[in-house]
Every structure is written in structure tokens, then in C-alpha cells.
Amino acid sequence: MDAQERLPKLKDSISFEDIAITIAKNLAVLCCHTNRIEGTDFQRPVYTVEIGRTLFDQFFNSATGYRAQYFRSPWAGLQANALFMKTILPPILESAPSTASVLSVDFIRESLSTLSAKAWLTEHGKEIDLECPSCKGEWSSGLSGHSQIAEIINGRWEIASGQKAEWGRKAPYLTKLRIMGAFLDSRYNEFVPFDKRFRANDIYQFGYS
């Protein structure tokens, strides 16, 4: 689909809540893997879900989508993230990959409901299971196009500097999302890796984290 076909949908006034509800109704859970922090008791479920290009575009790139909420403010982004995780939780918990997981349903529910749980595009090289074809990432910096060409113009991301800004000003047209629970231990204590403690502010400033 070219820009002329994509732009009307990206400018659509559909609410983020409606985008989340539509994704929850249409997502296909491809796989679920356990991601552990070596040497600790902290672990989380990581899912790859298929949503199709149109829904991905609305979710990731549109004026009311996921990153657009963080553009408003880090707090608005965190609220939208929590709403999205709550909305997609039922179909994910009911999916076959959840049932087959070594993690209990209660643990998965708690992990996906904890503040640092999140959704993002599927990055090549960050697959949890390199042998799983469903995990294969669709996005990489080498495929994102010329770094100085802005595909999203909002008065902030296209003029920011640095690698995150180079990626954040892009509007990838993909099909899958990575759904990542919060790292929890057996008592449901939460651990947030240092490089993700400022995720909300990174997306606000650069469009990428």
C-alpha cells in the first residue's frame, strides 16, 4: 500500500481505545516464550502476535496510536500502554501458547498487568527463541531507510538528534507486535532493566526506545 492509501487511515480520528479493542478481537497469538534474567529469579512471558498491516499502521504510526499517546506526554503514554495491555489480556491468556507455557496463568496475568509490561514492534536480533520462526523480527535499522528522511513529522521527532530519533521518525509498515510482560520473581516483585526505566520519556522525545 502506498502513502496515498495509508495516509487517510493514519489521520483517522479513531480513538486509541477503539484501536486496542479491534486488535484484541483480531490478533493471532503466534508464540509465547519465557525470558529470564540470568542468575536471578526474575522472568517474564514474551509473545509475538500477528495483527496485519492496517492494524499495525493504526497502532504504531497513526495520529491516535500508541506512539502518539507518548507524544502527548510520557504519562499519557503509560496510561495508553496500561489500557492496551488490559484490553488484549483476555485473548492472550486464552490462547494455546499461554496454555502450553511453563509459566502459570496467574503469573502470566500478573506479569502482563504490571506497569512495565509493554507492546512494541518485532525487532530483528531480539528474538527470545532464535529457533522459533514465529519470533522472527520484522524490523531492523538496516531496513528502515535513510536515517535523515522523516516519515513522521510532528515538530519533535523529525528534528531530534541521535539514533533513537533516526528510528523514531520512521513509520514502519509491518504485521506483528511483541507483547512483553514485566519481569517478576516468584513473589511478584517487579524488576525494570536500567535501560528501560526511561522508556516513556524516550518515546515522548524521540519516538523510539
Side-chain angles (χ1 to χ4, degrees), residues 15-60 65-67 69 77-140 172-193 196 199-200 209:
S15 71
F16 180 73
E17 182 176 9
D18 284 341
I19 293 173
I21 290 171
T22 304
I23 289 175
K25 290 179 179 178
N26 292 279
L27 66 82
V29 180
L30 302 181
C31 61
C32 173
H33 301 285
T34 302
N35 183 204
R36 296 181 174 84
I37 297 179
E38 189 175 351
T40 77
D41 190 28
F42 289 97
Q43 55 188 343
R44 66 178 179 178
V46 176
Y47 292 83
T48 301
V49 302
E50 176 84 44
I51 62 173
R53 292 190 188 278
T54 299
L55 272 179
F56 178 93
D57 222 14
Q58 285 186 313
F59 173 82
F60 201 71
Y66 185 79
R67 290 194 296 167
Q69 305 307 312
L78 289 171
Q79 288 182 304
N81 182 73
L83 182 152
F84 183 72
M85 299 303 294
K86 179 179 180 181
T87 304
I88 66 170
L89 181 61
I92 284 182
L93 285 179
E94 294 167 5
S95 69
S98 287
T99 303
S101 173
V102 298
L103 300 174
S104 70
V105 171
D106 287 342
F107 185 94
I108 292 173
R109 180 185 293 108
E110 189 70 20
S111 178
L112 293 177
S113 302
T114 299
L115 185 61
S116 63
K118 62 200 177 211
W120 202 240
L121 48 67
T122 57
E123 297 175 279
H124 180 68
K126 292 190 176 182
E127 296 87 352
I128 302 303
D129 185 346
L130 297 176
E131 302 299 321
C132 175
S134 296
C135 283
K136 187 175 180 180
E138 296 181 299
W139 183 91
S140 70
Y173 191 46
L174 307 176
T175 66
K176 298 190 293 187
L177 296 177
R178 196 90 76 203
I179 308 298
M180 296 162 276
F183 282 109
L184 303 179
D185 65 12
S186 58
R187 296 185 178 182
Y188 295 167
N189 295 307
E190 179 185 15
F191 174 79
V192 182
K196 292 303 178 184
R199 178 178 186 264
S209 173

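The shown structure was predicted, so the numbers you read here are calculated from the model rather than taken from an experiment.
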Looking only at heavy atoms, which two atoms of Leu27 and Val29 are closest? And how far apart?
-> CD1-CG2, 3.5 Å

For Ser101 and Pro97, indicate whether the former's side chain and the latter's backbone hold a donor-acceptor pair under 3.5 Å.
-> no

Would a distance-only check, ignoring hydrogens and angles, find a side-chain to backbone donor-acceptor pair under 3.5 Å from Ser113 to Arg109?
-> yes

Flag the pair Phe191 / Thr40 as yes when at least one side-chain heavy-atom distance between them is below 4.5 Å, and no otherwise.
-> no

Spacing of Lys136 atom NZ and Glu131 atom CD [to the nearest 0.5 Å] | 12.5 Å

Is there a donor-acceptor pair under 3.5 Å between the side chain of Ser111 and the backbone N or O of Ala182?
-> yes

Phe183 vs Lys196, side chain to side chain contact (heavy atoms under 4.5 Å, CB included): CA-CA, chis, key distance, verdict | CA-CA 12 Å; Phe183 282 109; Lys196 292 303 178 184; over 6 Å; no

Does Glu190 use its side chain to pair, donor to acceptor, with the backbone of Ser116 at less than 3.5 Å?
-> yes

Would you give the length of the straight line joining atom CD1 of Ile51 to atom CG of Asp57, rounded to the nearest 0.5 angstrom?
-> 9.5 Å

Indicate the atoms forming the closest heavy-atom contact of His33 with Asp129, along with that distance.
-> CE1-OD2, 3.5 Å

Residues two or more places apart in sequence or in another chain: which of them pass side-chain hydrogen bond (donor to acceptor under 3.5 Å, both in side chains) with Gln69?
-> Arg72

Which atoms form the tightest heavy-atom contact between Ile88 and Ala20, and what is the distance?
-> CG2-O, 4.4 Å

To the nearest 0.5 Å, atom CD1 of Ile19 lies from atom OG1 of Thr87 at 11.5 Å

Does Glu123 have any salt bridge (Lys or Arg N to Asp or Glu O under 4.0 Å) partners at least two apart in sequence or in another chain, and if so, which?
-> Lys126

After noting the C-alpha distance and the side-chain angles of Met85 and Thr114, does the key distance pass the side chain to side chain contact (heavy atoms under 4.5 Å, CB included) rule?
-> CA-CA 9 Å; Met85 299 303 294; Thr114 299; over 6 Å; no

Output for pair (Leu112 CG, Leu89 CG), nearest 0.5 Å, gives 6.0 Å

Lys25: salt bridge (Lys or Arg N to Asp or Glu O under 4.0 Å) partners, not counting sequence neighbours | none

For the student: nearest non-hydrogen atoms of Phe16 and Ala80, plus distance = CE2-O, 3.3 Å

Determine whether more than 12 heavy atoms belonging to other residues, nucleotides or ligands lie under 6.0 Å from atom CD of Glu17.
-> no

side-chain hydrogen bond (donor to acceptor under 3.5 Å, both in side chains) filter on Glu110, not counting sequence neighbours, yields none

Donor-acceptor list for residues 42-50 side chains, cut-off 3.5 Å, not counting sequence neighbours:
{"residue": "Gln43", "atom": "OE1", "partner": "Arg36", "partner atom": "NE", "Å": "3.2"}
{"residue": "Arg44", "atom": "NE", "partner": "Asn35", "partner atom": "OD1", "Å": "2.9"}
{"residue": "Arg44", "atom": "NH2", "partner": "Asn35", "partner atom": "OD1", "Å": "3.1"}
{"residue": "Tyr47", "atom": "OH", "partner": "Ser98", "partner atom": "OG", "Å": "2.5"}
{"residue": "Thr48", "atom": "OG1", "partner": "Arg178", "partner atom": "NH1", "Å": "2.9"}
{"residue": "Glu50", "atom": "OE2", "partner": "Thr175", "partner atom": "OG1", "Å": "3.2"}

Do Ile23 and Phe84 come close enough that some side-chain heavy atom pair is under 4.5 Å?
-> yes

The side chain to side chain contact (heavy atoms under 4.5 Å, CB included) partners of Pro172 (sequence neighbours excluded) come to Phe56, Phe60, Asn61, Arg67, Leu121, Trp139, Lys170, Leu174

Would you check if the side chain of Asp41 reaches a backbone N or O of Asp185 as a donor-acceptor pair within less than 3.5 Å?
-> no

Atom of Ser134, atom of Lys176 and distance for their closest heavy-atom approach | O-NZ, 3.1 Å

Below 4.5 Å, heavy atoms only, C-beta onward: do Asn81 and Tyr66 meet side chain to side chain?
-> yes

